[in-house]
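Encoded as structure tokens, the structure appears first; notes follow it.
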Amino acid sequence: MLQGALHGRRHLSDASRTLAGILLLALVTVETGGLYLVKVVTGRAGTTAFQEKFARAGHAHAGVLLLLALICQLLVDHSGLTGGWEWLARSGVAASALLMPGGFFFSSMGAGRDRPNRLIGLVFGGAVLLAISLTTLGIGLVTA
């Protein structure tokens, strides 16, 4: 049964294969960032409670959004979307996986910081992009 299912499946598009490879490599950086997070939660990084919370949020968002972006590559290939809509659905979640964690990390950088700086806007910008790209993909799948 498994062989029959495998023979009937589609192959990844070149765009999905390329972006999936990049996303998998990016996940290695999240793993590496986990080493820093261990220093933070064990008190060896000299961070404030606010910075610890934002480091955790940034790390979690990076991992989850990269995995979601990987899943979206498979779904976009089956959505029937083309042109700019396809590009948005394919790359929007991946871009959000950079923007949102970046907002958490960059807005909390600096010795003794206890509140976010203006770079917190990256989190909100990434959230808007995430919502738009997921909505686009969802509509593409429902109408395919």
Looking at [atom1] of [X] and [atom2] of [Y], how far apart are the two atoms once the value is rounded to the nearest 0.5 Å?
X	Y	atom1	atom2	result
Thr32	Leu37	OG1	CG	12.5 Å
Ser16	Leu70	OG	CG	10.0 Å
Leu98	His61	CG	NE2	13.5 Å
Thr29	Leu66	OG1	CG	7.0 Å
Ser108	Leu119	OG	CG	10.0 Å
Phe106	Leu99	CZ	CG	10.5 Å

Heavy-atom check, side chain of [X] versus side chain of [Y], under 4.5 Å:
X	Y	answer
Ile132	Val128	yes
Tyr36	Thr47	yes
Leu88	Leu129	yes
Val123	Ser107	no
Arg44	Val38	yes
Leu67	Leu27	yes

Quiz item: Hey, mind stepping through Val40 and Arg56 against side-chain contact (heavy atoms from CB on, under 4.5 Å) and telling me if it holds?
Solution: CA-CA 9 Å; Val40 169; Arg56 287 179 183 215; over 6 Å; no
Quiz item: With Ile139, which of Val142, Leu137, Thr143 fulfils side-chain contact (heavy atoms from CB on, under 4.5 Å)?
Solution: Thr143
Quiz item: Distance-only, no hydrogens or angles: does the Ser96 side chain make a donor-acceptor pair with backbone N or O of Gly126 under 3.5 Å?
Solution: yes
Quiz item: Is the backbone of Met109 close enough, under 3.5 Å, to the side chain of Gln51 for a donor and an acceptor to pair up by distance?
Solution: no
Quiz item: Linking I/L/V/M/F/W/Y whenever any side-chain heavy atoms sit under 4.5 Å apart, do Val76 and Val93 land together?
Solution: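 Per the 4.5 Å side-chain linkage, Val76 and Val93 are not co-clustered.
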Quiz item: Hey, any chance Phe105 and Val30 share a hydrophobic cluster, counting ILVMFWY side chains that come within less than 4.5 Å of each other, even indirectly?
Solution: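 In one cluster: no.
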Quiz item: What do the steps show when you test Ser79 against Glu86 for side-chain contact (heavy atoms from CB on, under 4.5 Å), and what is the final call?
Solution: CA-CA 8 Å; Ser79 70; Glu86 177 186 5; 5.9 Å; no
Practice problem: Please identify each residue that fulfils ring-ring contact (aromatic ring centres under 6.0 Å, His included) with Phe50, with sequence neighbours left out. | Solution: Phe54
Quiz item: If you look only at pairs with a residue in residues 111-127, which of them pass as a side chain to side chain donor-acceptor pair (under 3.5 Å), with sequence neighbours excluded?
Solution: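 Residue pairs with at least one partner in residues 111-127: there are none.
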